[in-house]
**Student:** 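Next up is a structure, given as structure tokens.
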2 protein chains.
Amino acid sequence: MPRKVDHRARRELLADALMRLAAARGLEEVSLRHVAAEAGVSTGMVQHYFRTKDEMMAFALGMVMDRIRERSDGAVASATPRELVRGLLCEVLPLDETRRLENHVVLAFLAYAAVKPSIASGLRESAAGMREFLADQLRASGADGIDPERAAAGLLALVDGLGIQVLSRQLTEEAAIAALDSHLALIFD
Amino acid sequence: MPRKVDHRARRELLADALMRLAAARGLEEVSLRHVAAEAGVSTGMVQHYFRTKDEMMAFALGMVMDRIRERSDGAVASATPRELVRGLLCEVLPLDETRRLENHVVLAFLAYAAVKPSIASGLRESAAGMREFLADQLRASGADGIDPERAAAGLLALVDGLGIQVLSRQLTEEAAIAALDSHLALIFD
DNA sequence: CACTTTACATTGCGATTGTATTATCCTCGG
DNA sequence: CCGAGGATAATACAATCGCAATGTAAAGTG
């Protein structure tokens, strides 16, 4: 057996470079050469780990979604359903530099997926998982007079929209949190 | 004087072709040649009416936002503030083919603007106008216990998010309307 | 040591990009 | 009726794209 290398780690290194590029200059600027340069490697190495550009894009998107999900899982250590829901949703909002970058990437991929169906499915199932979790929590909270599924979809859409408005500087972080809390208050109180 | 042509009309013809392309194949596929081919003209003519690609993009975005605003203005013929608000918001949702196309284009430009600040300002002021109008209506409706500004921002974010989820097939049109109505009920009732 | 397999770099090809330049119309004022 | 000048087209150009082919270094197995 020849020299062994952690494939997963290498691919994540390249995907990280892709993320930085996508957040800073948009998905249009993501090319094999630019990713290679950003990662400080040769374009040949990028090709060695991703057979095609699409494969690289799909991997990067999957990585971002996985990270968001992992961080969300870690954040739901609260007791009450309401705090759980708020914690999860806040974890998605671009409230620090890390999540700001992630939101940039997700937005870029949203537009990308609107046109590339093969990419869209990954985005969809990730959102579906969150919606189920939210709906379960809303059911458990026993808020009366609201449809849990519907409210979960609304909350997810609200957080999506808030994220976009924060990214495009239409809203401050504080205003986004305030809007979220208003909505939560309407649901739970 | 040589032959005269309606510049504005020509630019809108080209911008229409750009919109169709952006909606069908994404902003990455928008090039001078593709726009020219879609409009059935030469690339030279595109260059004649737009000195640079950026100028073309900016004009197309402006046109889309203007159309949305005009259509929204026409739709607010309702009596009560609540119906006004609902009418305006529904006008933004991708509920028919025209608005689906527009939403696609706006989403593409959102990602584009996240990276090109010169484009972002147009998007911002358009959203600001809507937010003011919504806040005014909410104030007039005299709903108690809610901050009009905050609720307007929340509604706008919700509709943004719902639009994205409808576009990416995470939600049906009916579910989006239902989520919107749920939110409106929470605010007004 | 011979050999195979993996890791990575370099180079080149054909296509496409935005832009610049040049050429050909067509129309209207003189 | 004619030529000036705007409308439109055709083409050239350098840069960049994704991708494939090819080369080299290194590491493990026989």
Side-chain angles (χ1 to χ4, degrees), chain A residues 1-22 24-61 108-109 111-113 115-119, chain B residues 1-22 24-61 108-109 111-113 115-119:
Chain A
M1 292 277 259
R3 155 152 159 252
K4 224 24 188 181
V5 161
D6 185 345
H7 265 240
R8 161 66 53 132
R10 284 281 193 261
R11 286 161 81 100
E12 290 190 353
L13 180 89
L14 297 175
D16 270 327
L18 190 155
M19 273 186 61
R20 270 177 269 133
L21 223 44
R25 295 208 279 277
L27 228 42
E28 319 203 39
E29 295 287 324
V30 170
S31 72
L32 299 186
R33 289 162 177 79
H34 285 164
V35 170
E38 174 73 30
V41 302
S42 73
T43 76
M45 175 176 160
V46 178
Q47 287 186 276
H48 184 64
Y49 287 102
F50 299 109
R51 289 199 313 239
T52 68
K53 184 185 177 182
D54 271 352
E55 190 181 314
M56 175 177 72
M57 301 290 253
F59 179 86
L61 173 61
F109 271 108
Y112 192 66
V115 152
K116 288 228 171 191
S118 59
I119 293 288
Chain B
M1 290 288 258
R3 126 165 187 255
K4 262 310 213 217
V5 160
D6 186 346
H7 265 240
R8 160 66 54 131
R10 285 280 190 264
R11 287 161 79 100
E12 290 190 352
L13 180 90
L14 297 174
D16 269 327
L18 190 155
M19 272 187 62
R20 270 176 269 133
L21 265 180
R25 296 208 281 277
L27 230 42
E28 318 204 37
E29 295 287 323
V30 170
S31 71
L32 298 187
R33 286 162 178 81
H34 285 164
V35 170
E38 173 74 28
V41 301
S42 74
T43 75
M45 174 177 159
V46 178
Q47 288 186 278
H48 184 58
Y49 288 101
F50 299 109
R51 291 200 311 243
T52 68
K53 183 185 180 183
D54 272 352
E55 191 181 314
M56 175 177 73
M57 301 290 255
F59 179 85
L61 173 61
F109 271 109
Y112 193 66
V115 152
K116 289 224 170 192
S118 59
I119 294 287

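Scope of the values below: all heavy atoms of this structure, side chains included, with no hydrogens, waters or symmetry mates. The sequence lines fix the lettering, A, B, ..., with proteins before strands; numbering per chain opens at 1.
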**Student:** Find the distance B:Q47:CD to C:dA23:C1' and express it as a whole number of Å.
**Tutor:** 14 Å
**Student:** Can you tell me the distance, in whole Å, between the CD atom of B:E55 and the P atom of C:dA20?
**Tutor:** 12 Å
**Student:** How close do A:V115 and B:G26 get, counting heavy atoms only, and between which atoms?
**Tutor:** CG2-N, 3.1 Å
**Student:** Of all heavy-atom pairs between B:V46 and B:L32, which one has the smallest distance, and what is that distance?
**Tutor:** CG1-CD2, 4.1 Å
**Student:** Within the structure shown, what part of the strands sits under 4.0 Å from A:S42 by heavy-atom distance: base, sugar-phosphate, or nothing?
**Tutor:** base
**Student:** Please confirm whether the shortest side-chain N or O distance from A:R10 to OP1 or OP2 of C:dC8 is below 4.0 Å.
**Tutor:** yes
**Student:** Quick one: A:R33 CZ to D:dA20 P, roughly how many Å, whole number?
**Tutor:** 13 Å
**Student:** Report the residue (A:G44 or A:L32) whose heavy-atom-nearest nucleotide on DNA chain D is the more 5′ of the two.
**Tutor:** A:L32
**Student:** Can you tell me the distance, in whole Å, between the OH atom of A:Y49 and the C1' atom of C:dA9?
**Tutor:** 13 Å
**Student:** Which nucleotide sits closest to the side chain of B:M45: C:dT19, C:dT10, D:dA9?
**Tutor:** D:dA9
**Student:** Please work out which of the three classes, parallel, tilted or perpendicular, describes the rings of B:H48 and B:H7, given edges at 30° and 60°.
**Tutor:** tilted
**Student:** Output yes when at least one side-chain N/O atom of A:H48 is less than 4.0 Å from OP1 or OP2 of C:dC8, else no.
**Tutor:** no
**Student:** Using 30° and 60° as the class limits, which term best fits the ring planes of A:F50 and A:F59: parallel, tilted or perpendicular?
**Tutor:** tilted
**Student:** To the nearest Å, how far apart are B:E28 CD and D:dT16 P?
**Tutor:** 18 Å
**Student:** How many Å lie between CZ on A:F50 and P on D:dC19, as a whole number?
**Tutor:** 13 Å
**Student:** Have a look at A:V46 and say if it touches a base, only the backbone sugar-phosphate, or nothing, with a 4.0 Å heavy-atom cut-off.
**Tutor:** nothing
